[in-house]
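What's counted below: heavy atoms across the whole structure, side chains too, no hydrogens, waters or symmetry copies. A, B, ... follow the sequence lines: proteins, then strands. Residue 1 opens every chain.
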Number of protein chains: 2
Amino acid sequence: MQNQGLLKELIQSLCCLPGVGPKSAQRMAFHLLQRNRDGGMQLSKMLARAVNEIGHCRECRTLTETELCEVCANPLRDAETLCVVESPADVWVIDQATTFKGKYFVLHGRLSPLDGIGPDQLGFELLEQRMATGQIKELILATNSTVEGQATAHFIGEVAGKFNIRATRIAHGVPMGGELEFIDSGTLAHAFNGRREF
Amino acid sequence: MQNQGLLKELIQSLCCLPGVGPKSAQRMAFHLLQRNRDGGMQLSKMLARAVNEIGHCRECRTLTETELCEVCANPLRDAETLCVVESPADVWVIDQATTFKGKYFVLHGRLSPLDGIGPDQLGFELLEQRMATGQIKELILATNSTVEGQATAHFIGEVAGKFNIRATRIAHGVPMGGELEFIDSGTLAHAFNGRREF
Ligand SMILES: [Zn+2]
Ligand SMILES: [Zn+2]
């Protein structure tokens, strides 16, 4: 049995999912094949479609299968408030947890000179272009509260200053060193409302 | 963002995996799209192949993409000892945890009259055919130690008696009410070696 081809390959493939080790992968494979083949086939199709069709929004750089994401394409969202985050997952949690109705900008990372990640790698050119339009009144810096996230917020805050744009930083309730993605909705909503000048 | 089409559909599809709720599914989707698109595509392909190609072994009814599984096709496995289990996952764990070198028979369930699961649903005809060949000297009853698993073992033990086949039951170390699939290797190996007449 140990060399059983396809089943073993499926178990190995399932291990690419975060938090899934060999034991869980084994349970998942047997569960799908024994009790939910339709679900397995549906998941296969969705994975292929998502990988092939989901790219980045032309304006905010979040994940989307359309040229403009839903937020950027929505005329009812407030274009005067721009929330800068590190990842698309942050957009997702902020939109679910808070009442924020502005727009977003996704850095896809944070400044990390040692890893060769500078402003160019984070889409700063695009971000500066948006600041230069004069439409933005407030820039909410919602990068993570890690050392690098703080440094990134500081850097962007300085740039915002040049454009005379008010920069705020979400603060209260986000534990130092924590990552936004793993914080409960209530804490995040509180941190959002308690943002202050940066 | 809440209505974001493809991403949301992918997250929902991931929830078909056992032990995966909306939060984990969300993390998995973002992880694959941000950091491991090759892994996601590979998983998509393996799922489709597994669902389409993996069926049941003609002889023992375990999961396999070939007509005969590796165990049944292996002439070095002892055809005189047949281990009867409830699921393909049990074959997998027994083969990994013990030194058992006989063959298997998979019931795909257990007797459960209230759910309409009788001998016919568990492949008894095929099992009796194998007993009738006279080749089998020992039938190891490795159904789970739940009430229904015990009843199933008892029923098969009676049938084995008619064919003058020795029936044994794995016993020591398997906690009552426990399911084989979730027991550690050491306990399972011990239970296997400590089997007794049934
Ligand atoms: Zn967008
Ligand atoms: Zn077989």
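- Between chain A and the residues B:L33, B:V93, B:L43, B:N52, the largest count of heavy-atom pairs under 4.5 Å involves B:L43.
- Between the CD atom in A:Q26 and the CD atom in B:Q96 there is a gap of 5.5 Å [rounded to 0.5 Å].
- Between A:L10 and B:R49, the closest side-chain pair of non-hydrogen atoms is not below 4.5 Å.
- Heavy atoms of B:I11 lying under 4.5 Å from chain A belong exclusively to its side chain.
- Across A:K45, A:Q12, A:H108, A:K23, the residue that shares the most heavy-atom pairs under 4.5 angstrom with chain B is A:H108.
- A:M46 and B:L6 get closest at one heavy-atom pair: CE-CD2, 3.4 Å.
- The line from CG of B:L7 to CD of A:E53 is 12.5 Å long, rounded to the nearest 0.5 Å.
- With values rounded to the nearest 0.5 angstrom, A:Q42 atom CD is found 11.0 Å from B:L14 atom CG.
- Within the model, atoms CZ of B:R37 and SG of A:C16 stand 13.5 Å from one another, a figure rounded to the nearest 0.5 Å.
- Contacts with chain B were tallied for A:S87, A:G39, A:G19, A:A50; A:A50 has the most, counting heavy-atom pairs under 4.5 Å.
- With a 6.0 Å radius and a threshold of 12 heavy atoms from other residues, nucleotides or ligands, B:Q129 has its CD atom above the threshold.
- Each of A:N74, A:I54, A:V20, A:N36 has some count of heavy-atom pairs under 4.5 Å with chain B, and the biggest count is that of A:I54.
- Criterion: ILVMFWY side-chain heavy atoms under 4.5 Å apart, direct or through other members. Under it, B:L111 and B:V147 are not part of a common hydrophobic cluster.
- Of the atoms belonging to A:L32, it is side-chain heavy atoms, and not backbone ones, that fall under 4.5 Å from chain B.
- One hydrophobic cluster, built from ILVMFWY side chains closer than 4.5 Å, holds both A:L126 and A:V159.
- When the candidates B:A48, B:A29, B:S24 are compared by the number of heavy-atom contacts under 4.5 Å with chain A, B:A48 comes out ahead.
- The distance from the CZ atom of B:R27 to the CH2 atom of A:W92 is 15.5 Å, given to the nearest 0.5 Å.
- Heavy atoms only, all atoms of each residue included: A:S44 and B:L47 are closest at CB-CB, 3.7 Å.
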